[in-house]
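Reckoned from all heavy atoms, side chains included, excluding hydrogens, waters and symmetry mates. To find a chain, count down the sequence lines: A is the first, B the second, and so on, and within it residues start at 1.
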Amino acid sequence: MNISAELIGWYEANKRDLPWRNTTDAYIIWLSEIILQQTRVEQGLPYFERFADKYPTVSHFAAAPEDDILRLWQGLGYYSRGRNMLKTAQLVQQHYNGVFPTAYEQLIKLKGIGEYTAAAISSFSANEARAVVDGNVYRVLARYFGIDEPINSPKGKKLFQQLANEVLDHERPAQHNQAMMEFGAMLCKPKNPACGICPIRLGCVAFKTNATTSLPVKLKTVKVRKRYFNYLLITEGDKVLLNKRGETDIWANMYDLPLIETDGTVEPHKLFELPDVQQIYGNGIAIRNIEPEIKHVLTHQQLFIRFIVLNGQPEKLQPGWFYTKVDNLNKLAMPKRIFIFIKDFFNF
DNA sequence: AACGCGGGGGA
DNA sequence: TCCCCAGCGTT
C-alpha cells in the first residue's frame, strides 16, 4: 500500500469536521483557501463563518464595498488577501457571469490565487488531479522520503512539487490533498510529531533515522541588521587609544577604537550630549573632525561607520581600552576599514 | 531570487 | 525569543 492510500485511510477515520469540507462550491472553497493562507485553521474558522454568512455567493462578495471587506477581515492579517479577493470576485462576476471557475488553468490567472490555491480549489471543487504543496505537504514529504533539499530554494520547490505529483492519487485527488494536509497539521507536526501513532512510520526515513527534528530543511532568510558605529580617534602624544573587543559581537577579540553605537538617529556632533557618553568622556573632549560615513557590508549586518577625530582624552577608561604607540598597530588584528583609517591618519 | 506582508500560538 | 501557519505579489 502506498503512502497516499494509508493517509486517506487515516484521514477518513480522523478528520476534523470543517465547514468547507462539506461542499464542492468553488466560491466557498476559494473563500476558505484564501483565509487559510499562512493562517491556522482555528484562527481562520470564525472569519470564514462570518464571510460565508454575509456573502453567500460570489455575486454578494463582488457587490461589497472594499471598506466592508477589510472591516470583516480586521485582525486576520495579510490584508492584501482581502483586497485581491474583491478584485477577483468582481472579475468572476463580470467575465464568468458569477460562476466561480474550477479549472486550474483559469484559477491560476486570478488575483490572489497561486499554485497552491489553484490546485486546492480545482481538486476540491472538481476533482482535478492537481497536487497541493503547502507547508504541511513539504514537511510530510521531506520526512517520509528523507529529503534535505531546502523547501524554500527554487530547486527544492520544484523537487517537492514533482514529488507531490508522483505521490498524488489520481483517482481521489480531493481526498488525497485533504489527507496530506490534515496529516501534516494533526500528526506530522513541526514540533513533537506523533510518530508513535503514525500509520506510515515504518516507511518513513526520518522516523527510521531519527531525523524528524532536522527535516524539513529551510533556508534561513538572513536578516540584515543595520548598525551605526561612531569610532573615536583619541591620541595622547605618540599614542592612540584602542579597544580590545569582547567575545560575543562581530570581530570578536580583535582590536578597534572606542566606539559609540547608536540607533542611527543621533547626529554625530551631538553624540557627546548623550548622558551615558557624557559620563565616560566628561568635558575635556572636543571634536576636531568628522569623517564621511562609510558603509561596510557583512553577511548579516550593514555597518554605517563614521570616524570622529577628537582633541583631549576621556575621563574614565573603559574595560578593554588602552593606549598604545602607533608603531605597535601593525602587530594588532584590526578590522580592515579601521586599520586603513588609522594608517592613513598617521601616514605610516 | 529576495522581500514585504500580520497576527497568533507553541516550544 | 524563534518558528510556523492550507502563500502570494512585487521588484
Side-chain angles (χ1 to χ4, degrees), chain A residues 7 11 15-16 18-21 23 26 28-48 51 70-88 91 104 107-125 130-143 150-158 160-161 164 168 173-194 212-226 297 299-300 302:
Chain A
L7 292 183
Y11 171 71
K15 65 182 175 186
R16 291 170 288 182
L18 300 172
W20 47 84
R21 287 180 174 161
T23 181
I28 294 295
I29 292 167
W30 167 71
L31 198 53
S32 71
E33 290 300 338
I34 304 295
I35 287 174
L36 292 175
Q37 285 169 6
Q38 293 293 285
T39 304
R40 295 168 193 278
V41 167
E42 308 84 72
Q43 188 189 3
L45 189 51
Y47 286 84
F48 170 82
F51 270 97
L70 293 178
R71 179 64 184 84
L72 206 51
W73 201 272
Q74 189 178 100
L76 194 55
Y78 284 159
Y79 296 94
S80 65
R81 289 184 290 176
R83 294 194 295 272
N84 284 332
M85 283 183 93
L86 183 54
K87 291 178 193 161
T88 288
L91 188 144
Y104 181 95
L107 292 164
I108 194 72
K109 294 175 183 165
L110 300 174
K111 273 264 190 238
I113 297 183
E115 287 186 46
Y116 162 79
T117 307
I121 299 175
S122 63
S123 64
F124 297 154
S125 67
R130 298 277 183 174
V132 298
V133 183
D134 74 335
N136 294 306
V137 176
Y138 279 122
R139 190 167 56 253
V140 171
L141 294 177
R143 285 176 177 167
I151 61 173
N152 55 345
S153 71
K155 188 179 171 189
K157 286 182 183 174
K158 195 175 169 186
F160 280 98
Q161 181 69 59
L168 176 66
Q175 272 180 299
H176 169 94
N177 283 336
Q178 293 281 13
M180 292 286 289
M181 292 193 286
E182 186 79 342
F183 175 72
M186 305 298 293
L187 211 155
C188 195
K189 297 174 292 183
K191 292 183 179 175
N192 303 324
T212 52
T213 54
S214 57
L215 292 174
V217 173
K218 195 170 185 179
L219 252 33
K220 298 251 187 266
T221 53
V222 255
K223 203 163 117 188
V224 178
R225 184 157 61 116
K226 293 183 195 299
V297 179
T299 307
H300 45 280
Q302 287 180 359

Any side-chain N or O of [X] less than 4.0 Å from the OP1 or OP2 oxygen of [N]?
X	N	result
A:Q38	C:dG7	yes
A:Y78	C:dG9	no
A:T117	C:dC8	yes
A:K111	C:dT10	yes
A:R139	C:dC5	yes

Assign [X] to base, sugar-phosphate, or nothing according to its heavy-atom contacts below 4.0 angstrom with the strands shown.
X	result
A:W73	nothing
A:E115	sugar-phosphate
A:L110	sugar-phosphate
A:T39	base
A:G184	nothing

Is it true that A:Q178 and A:R21 share a donor-acceptor pair across their side chains at a distance under 3.5 Å?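 Side-chain D/A pair, A:R21 to A:Q178: present.
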
Polar side chain donor-acceptor pair, A:Q37 to A:Y116, under 3.5 angstrom: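 Absent: no donor and acceptor within the cut-off.
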
By nearest heavy atom, map A:K191 and A:F124 onto DNA chain C; which one lands nearer the 5' end?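 Residue closer to the 5' terminus by nearest nucleotide: A:K191.
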
Find the distance [X]:[atom1] to [N]:[atom2] and express it as a whole number of Å.
X	N	atom1	atom2	answer
A:H176	C:dA6	NE2	C1'	14 Å
A:R40	C:dC3	CZ	C1'	9 Å
A:R16	C:dC5	CZ	P	13 Å
A:K218	C:dG7	NZ	P	10 Å
A:L76	B:dC5	CG	P	17 Å

Using the [atom1] atom in both, what is the distance from [N] to [M], to the nearest Å?
N	M	atom1	answer
C:dT10	B:dG7	C1'	22 Å
B:dC3	C:dA6	P	24 Å
B:dG8	C:dC8	P	22 Å

For a quick check, tell me whether the side chain of A:R81 and the base of C:dC8 share a donor-acceptor pair closer than 3.5 Å.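 Such a pair does not exist between side chain and base.
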
Is there, by distance only and without an angle test, a donor paired with an acceptor across the side chain of A:Q43 and the base of B:dG7 below 3.5 Å?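 It does, because a donor-acceptor pair links the side chain of A:Q43 to the base of B:dG7 below 3.5 Å.
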
dist A:K15:NZ -> A:M181:CE (nearest 0.5 Å) comes out at 13.0 Å

Closest non-hydrogen atom pair between A:F160 and A:V133, with its separation: O-CG2, 4.3 Å

Hunt down the Watson-Crick or G-U wobble partner of B:dG6, both distances under 3.5 Å, from any strand shown, or write none.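 Base partner found: none.
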
